[in-house]
Amino acid sequence: MDTGDWIAFAAVVISVAAAAIAIWQARTASASAAHAKQQAQAADEQVRLAREQLRQGERSHREQVELSERIHREQNEPYVVVDIAPEGPGSTLLLLTIDNAGPTLARDVIVAFDPPLSSTISGQAARIHSVLSRPIPVLPPGRRLTYVFDMSGSRLNSGLPMEFDVTVNATGPAGAVEPLVYRIDLGVLASARVGELPYRRVEERLGKIADNLKGLTKAYRDVNRTAIRAAFEDDVAAARRQNGDGAANGQRADGTPPATT
């Protein structure tokens with residue numbers, strides 16, 4: 001080959017090498033671009049996760065604050081409970097009670113029964129209805145209102161409703177209290193405390209007092225055993241001396257004069 005051919009061949013080789021280099025650079029640039037894209041996507045994902053964590057933290061903090069405020073509010077709210085129960089163990093008298101078991105004052109207390117109250121005691125349901133037909137203006141903490149409701153024996157056999165849905169609304173220091181809704185079932189009282197005597201608890205307490213007195217008496221005897229024995233011996237000696245003096249005067253040991261012949 002002459003010089004022109006060598007020059008042409010060299011040009012082709014250089015062109016091929018340049019093309020190879022260009023292809024390699026293009027592939028490298030493409031790989032770099034893909035890697036940069038992956039890094040950008042990873043960065044976006046990290047930003048998204050950070051934002052989500054921030055939102056979760058804010059939501060958790062907000063829920064904790066709301067829960068803390070709710071607990072504080074409920075701890076300082078009145079808690080009005082309505083119940084129907086026997087006057088005491090063994091008693092057949094049923095009482096309706098309205099009790100503020102909360103720590104603060106209850107205002108505008110409204111009590112509703114469904115179905116309306118009824119009683120076997122003549123006129124008693126109407127009297128209770130007249131009281132509950134209007135809001136109770138004030139119910140201090142620990143205050144209990146008590147009303148005669150019915151007699152358990154006659155109630156069980158009367159056919160009158162035995163279950164009542166009770167709704168209690170009240171206002172506390174922070175505003176309206178969440179309504180309290182529950183059911184009272186008088187049927188559960190049918191077998192409660194069967195055969196228990198009205199004064200059973202009193203008798204049990206008196207029995208405990210008697211046992212304590214026995215214990216105190218025994219302890220007193222144990223501590224003063226020597227003094228008690230000495231006093232007993234003195235009493236015996238005095239009795240013997242008295243009997244001796246009577247015998248010397250012609251009397252028997254029991255104090256009666258001797259028999260005559």
Side-chain angles (χ1 to χ4, degrees), residues 1-85 97-115 132 135-144 163-185 187-188:
M1 293 188 300
D2 56 12
T3 304
D5 294 334
W6 283 108
I7 293 173
F9 178 75
V12 171
V13 172
I14 293 172
S15 298
V16 170
I21 293 172
I23 293 172
W24 176 79
Q25 289 178 343
R27 289 181 176 178
T28 302
S30 177
S32 299
H35 181 65
K37 184 178 180 181
Q38 291 177 353
Q39 289 181 336
Q41 291 175 347
D44 292 341
E45 181 66 16
Q46 290 179 350
V47 172
R48 187 188 67 80
L49 292 176
R51 289 177 178 175
E52 182 64 24
Q53 290 177 351
L54 179 61
R55 285 194 294 268
Q56 290 180 354
E58 292 177 347
R59 183 166 58 251
S60 177
H61 177 69
R62 184 169 58 254
E63 290 175 352
Q64 290 179 354
V65 171
E66 292 175 354
L67 178 61
S68 177
E69 292 177 350
R70 180 177 179 180
I71 292 175
H72 177 73
R73 184 176 65 253
E74 291 180 351
Q75 288 178 342
N76 292 277
E77 283 183 343
Y79 189 73
V80 181
V81 181
V82 179
D83 192 19
I84 298 175
T97 58
I98 304 174
D99 182 18
N100 181 7
T104 55
L105 188 73
R107 299 179 182 274
D108 300 328
V109 179
I110 301 176
V111 180
F113 284 88
D114 184 25
L132 301 182
I136 300 173
V138 174
L139 198 62
R143 175 69 59 83
R144 171 176 291 184
E163 297 183 4
F164 300 93
D165 291 327
V166 185
T167 302
V168 183
N169 287 277
T171 301
V177 179
E178 183 178 353
L180 184 62
V181 181
Y182 56 97
R183 174 166 294 187
I184 295 178
D185 185 1
V188 301

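Taken from CZ in Phe113 to CD1 in Ile184, the straight-line distance is 5.0 Å, to the nearest 0.5 Å. Atom OG1 of Thr97 is separated from atom CG of Asp83 by 5.0 Å, given to the nearest 0.5 angstrom. Taken to the nearest 0.5 Å, the CG atom of Leu139 stands 10.5 Å off from the OG1 atom of Thr104.
Scanning all heavy atoms of the two residues, the minimum distance from Asp99 to Arg144 falls at OD2-NH2, 3.4 Å. Among all heavy-atom pairs drawn from Pro78 and Ala106, the shortest one is CB-CB, 3.5 Å.
You'll find the side chain of Val109 stays beyond 4.5 Å of the side chain of Asn100, heavy atoms only. Residues Val82 and Tyr182 have side chains in contact (heavy-atom distance under 4.5 Å, counting atoms from C-beta outward).
Under the salt bridge (charged side-chain N to carboxylate O under 4.0 Å, His left out) criterion, the residue pairs touching residues 46-58 are Glu45-Arg48, Glu52-Arg55, with sequence neighbours excluded.
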Can you give the donor-acceptor pairs under 3.5 Å from side chains of residues 166-173 to other protein atoms, not counting sequence neighbours?
none

### Message
Between Asp165 and Val181, does the side-chain contact (heavy atoms from CB on, under 4.5 Å) criterion hold? Intermediate values first, please.
### Response
CA-CA 7 Å; Asp165 291 327; Val181 181; 5.7 Å; no

